[in-house]
Protein chains: 2
Amino acid sequence: MRPTVKDVAKLAGVSPKTVSNVINGIVFVRPETRARVESALAELDYVPNMSARGLRNGRTGMIALALPDLLRPYSAEIVHLVVELAHERGWGVQIEQTAAEPKREFELLSKARAYLVDGLILNPVNLDDSAVLSAGPLPPLVLIGDVDQDLVSQVAIDNVAAARDLTQHLLDRGCRRIAVVGTPEVPRGSSGAGVLAGSSAGEPGTAASRLRTAGYREALAAAGIPVDPALEISLDRWRPEGAATVVGKYLTEHELPDAFFCFTDSMAAGALSALWSAGVRVPEQTLVAGFDNILESQFMIPPLTTIDFDRREFVAAALDLLGERMADKAAPPRRVMVPHRVIERASTAR
Amino acid sequence: MRPTVKDVAKLAGVSPKTVSNVINGIVFVRPETRARVESALAELDYVPNMSARGLRNGRTGMIALALPDLLRPYSAEIVHLVVELAHERGWGVQIEQTAAEPKREFELLSKARAYLVDGLILNPVNLDDSAVLSAGPLPPLVLIGDVDQDLVSQVAIDNVAAARDLTQHLLDRGCRRIAVVGTPEVPRGSSGAGVLAGSSAGEPGTAASRLRTAGYREALAAAGIPVDPALEISLDRWRPEGAATVVGKYLTEHELPDAFFCFTDSMAAGALSALWSAGVRVPEQTLVAGFDNILESQFMIPPLTTIDFDRREFVAAALDLLGERMADKAAPPRRVMVPHRVIERASTAR
DNA sequence: TTGAAAGCGTTACCAC
DNA sequence: GTGGTAACGCTTTCAA
């Protein structure tokens with residue numbers, strides 16, 4: 001049987017309380033006693049029972065990270081950083097995936113308390129204000145990515161501005177017919193403000209796709225170019241295979257656009273592949289750009305122009321905000337915006 | 001305050017035990033009573049406290065997955081599948097990263113009990129027989145990937161055979177000078193049997209790199225081609241940027257080999273990029289192959305020849321083995337080998 | 001400074 | 001079938 005504080009106390013000839021004091025190192029313990037306890041700890045190879053500790057003081061030292069699709073390289077980067085930075089703060093990380101089952105997001109909100117976690121970082125897909133409200137008493141929560149709400153803390157980048165900047169980058173290079181890959185399945189109004197309720201379930205990045213579409217259209221409008229629905233290529237799941245398929249099909253049915261702006265880098269990889277298969281040369285015949293600046297982007301052929309932001313800063317901010325909420329549940333929600341920038345690479349060189 | 005079984009019991013006019021019976025749905029409960037309890041459950045929005053449950057019955061319903069480097073696309077695929085398949089079994093998943101800190105592997109072994117988990121799936125890097133032995137009483141444990149040991153359950157592919165098969169594939173296409181990317185930093189004997197102790201710390205994939213190197217050499221030997229140390233390009237961290245750097249440098253210092261066999265697909269991406277930058281055409285001037293068949297491989301330019309294995313089967317086997325160990329700690333360790341195959345794509349087309 | 005005892009929320013044992 | 005009660009391992013009052 002594994003040893004408990006009682007066993008340690010007995011071996012050291014002290015009470016459980018003293019052992020607890022030594023372990024948590026808060027109260028002053030006579031050095032001699034401390035030494036005796038510590039050697040007993042070592043001898044028995046004592047390891048505290050986290051369930052008992054969690055039950056007693058209401059905290060487990062664990063947080064949950066919920067992402068729509070763990071397969072995306074972007075997800076891997078987020079998971080990597082959250083695990084690394086949370087570990088520095090002494091927190092363990094439990095991972096959840098939400099895209100497969102839309103209602104899982106709500107379950108997590110309403111039942112996070114059950115999931116053995118002290119807090120939750122959620123990249124929402126189907127979430128809006130009313131959903132957040134109706135979930136009842138929330139666990140300490142930070143949203144990463146875009147939702148139109150002010151009820152809970154959030155860290156995000158300005159998706160509209162980023163998409164506008166990247167579109168402008170393409171316009172600056174003389175592109176007029178700019179295709180976008182990854183727009184929502186069902187076209188909506190351009191601004192998207194307030195029309196969140198009823199967003200179709202199961203689409204990863206629905207919120208992001210709306211905002212990036214909006215930014216794209218804004219840039220076109222500013223340049224006096226009308227929106228051409230034929231250039232807005234929708235895609236339900238943001239995976240490279242989908243992008244390859246849809247771009248490949250597009251090429252057979254339409255005239256080659258001046259550029260393809262893909263809403264994620266991994267979709268851009270699919271697009272580049274489809275273009276290569278069709279014998280279209282990038283950047284000579286058409287330009288390609290992505291979004292996220294994943295690790296792989298600089299090794300694509302050609303290297304990919306994309307939107308970059310400091311992912312470490314992004315995740316650190318999320319953990320900071322979560323720490324605030326965990327320390328004080330009544331703290332006012334905060335929103336942190338992380339700056340972005342266009343990374344120019346060969347895929348849009350002119 | 002959040003409701004407990006007691007509150008539910010009071011509201012339903014029954015005892016806590018009955019509530020527990022209803023929740024766990026095992027014992028026969030009178031339908032009428034059951035209905036009363038269930039409506040009380042719903043009314044109070046009862047959520048069980050996992051810490052208490054864990055304390056009481058010794059299980060938390062959580063497993064841990066420990067991988068060397070979460071940034072690798074391969075890791076993302078494993079995390080994705082483990083989370084998905086574990087969830088089907090009602091288990092939560094806690095994620096750990098080991099490469100940054102070698103001793104973390106041992107910590108996990110010896111302290112997994114503390115980490116609030118019922119079992120552990122570990123992709124080992126610096127682990128050998130003696131380490132496993134000396135860790136003392138182990139938690140239910142399954143190793144994924146290669147270690148020379150028979151003490152704990154393990155699921156793996158035959159790395160030696162896979163590397164041999166892929167090398168043979170290149171030989172079949174007329175290659176004689178085949179470079180490998182990702183060999184261990186310090187060259188070792190070819191078989192690698194038994195020389196695990198003291199494996200240098202901090203190298204992701206040390207075990208895998210030894211075995212893949214062995215398979216490569218076996219194929220060369222069978223073809224009567226002597227090993228050329230200059231063709232064995234070592235790399236400490238299996239990341240694309242390292243591969244791009246090392247291959248780029250290689251091209252300036254050596255004659256172009258007939259082929260590059262990279263020990264992971266993501267390194268192959270880096271290699272393809274370096275070759276493209278140097279103006280070397282693939283497959284016209286040299287062939288490139290990888291290992292793992294990550295999602296991105298088929299969208300590389302050109303699409304990448306690689307080693308594939310059924311990742312879902314691989315992960316399902318790991319969870320099955322873990323389930324066995326969790327159910328019966330005395331169960332004999334088992335080893336599952338998952339078959340592999342060479343996927344031929346354009347990067348090695350002749 | 002240290003010891004004794006209570007209690008966190010659950011489930012299992014044993015009566016009824 | 002269902003209700004009391006004890007116990008899981010820890011920390012935190014309160015006393016000594």
Side-chain angles (χ1 to χ4, degrees), chain A residues 1-38 40-41 44-62 90 111-118 137 139, chain B residues 1-38 40-41 44-62 90 111-118 137 139:
Chain A
M1 215 42 215
R2 69 190 265 195
T4 73
V5 277
K6 262 184 189 162
D7 301 320
V8 176
K10 195 177 295 175
L11 180 61
V14 298
S15 82
K17 163 67 176 160
T18 306
V19 175
S20 177
N21 283 339
V22 170
I23 291 171
N24 299 300
I26 306 175
V27 191
F28 276 75
V29 179
R30 189 157 14 117
E32 178 197 315
T33 315
R34 174 180 295 274
R36 249 200 351 268
V37 170
E38 277 171 348
L41 246 25
L44 293 177
D45 189 27
Y46 172 78
V47 176
N49 180 318
M50 290 305 193
S51 288
R53 186 176 282 177
L55 173 59
R56 177 63 233 210
N57 56 22
R59 289 173 298 99
T60 60
M62 192 101 67
K111 297 195 178 161
R113 298 168 294 174
Y115 287 90
L116 219 39
V117 297
D118 298 335
Chain B
M1 215 41 218
R2 68 189 265 196
T4 73
V5 276
K6 263 183 187 160
D7 301 321
V8 177
K10 195 177 295 174
L11 180 61
V14 298
S15 83
K17 167 61 179 164
T18 306
V19 175
S20 178
N21 283 339
V22 170
I23 292 171
N24 299 300
I26 305 175
V27 190
F28 277 76
V29 179
R30 188 157 15 116
E32 175 197 316
T33 314
R34 176 180 294 273
R36 252 202 348 270
V37 171
E38 276 171 348
L41 246 25
L44 293 177
D45 190 27
Y46 170 80
V47 176
N49 181 319
M50 290 305 190
S51 287
R53 185 176 285 178
L55 174 59
R56 176 62 238 212
N57 56 23
R59 290 173 297 98
T60 60
M62 194 101 68
K111 298 195 177 158
R113 297 168 294 173
Y115 287 89
L116 220 39
V117 297
D118 298 334

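First the proteins, then the strands, lettered A, B, ... as listed; each starts at 1. Because the structure is a prediction, the values reported are computed rather than measured.
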Here the distance between atom C1' of C:dG7 and atom CG of A:L55, to the nearest Å, is 9 Å

In terms of heavy-atom contacts, A:L41 and A:V8 come closest through CD1-CG1, 3.3 Å

The side-chain contact (heavy atoms from CB on, under 4.5 Å) partners of B:K10 (sequence neighbours excluded) come to none

B:D7 CG to C:dG9 P, in whole Å, measures 9 Å

Taking every heavy atom of A:D118 against every heavy atom of A:R59, the minimum-distance pair comes out as OD1-CA, 3.3 Å

Practice item. Output yes when at least one side-chain N/O atom of A:S51 is less than 4.0 Å from OP1 or OP2 of D:dG9, else no. Key: no

Between A:R36 and A:A12 the two heavy atoms that sit nearest each other are NE-O, 2.8 Å

From the list A:L11, A:V19, A:I23, side-chain contact (heavy atoms from CB on, under 4.5 Å) with A:Y46 holds only for A:I23

So OG of B:S15 and CG of B:N21: to nearest 0.5 Å the spacing works out to 8.0 Å

5' to 3', nucleotides 10-16 of chain D under a 4.0 Å protein heavy-atom cut-off (B base, S sugar-phosphate only, - none) gives BBB----

Each base of DNA chain C marked ( ) or [ ] if paired in-strand (Watson-Crick or G-U under 3.5 Å), | if paired to another strand and . if unpaired gives ||||||||||||||||

Problem set entry | Residue pair B:N57 / B:R53, side-chain heavy-atom distance below 4.5 Å | yes

Between A:M62 and B:M62, is any pair of side-chain heavy atoms under 4.5 Å apart? yes

Atom CG of A:L41 and atom P of D:dG9 are separated, to the nearest Å, by 16 Å

When rounded to whole Å, the CZ to P distance for the pair B:R36 and D:dG1 reads 15 Å

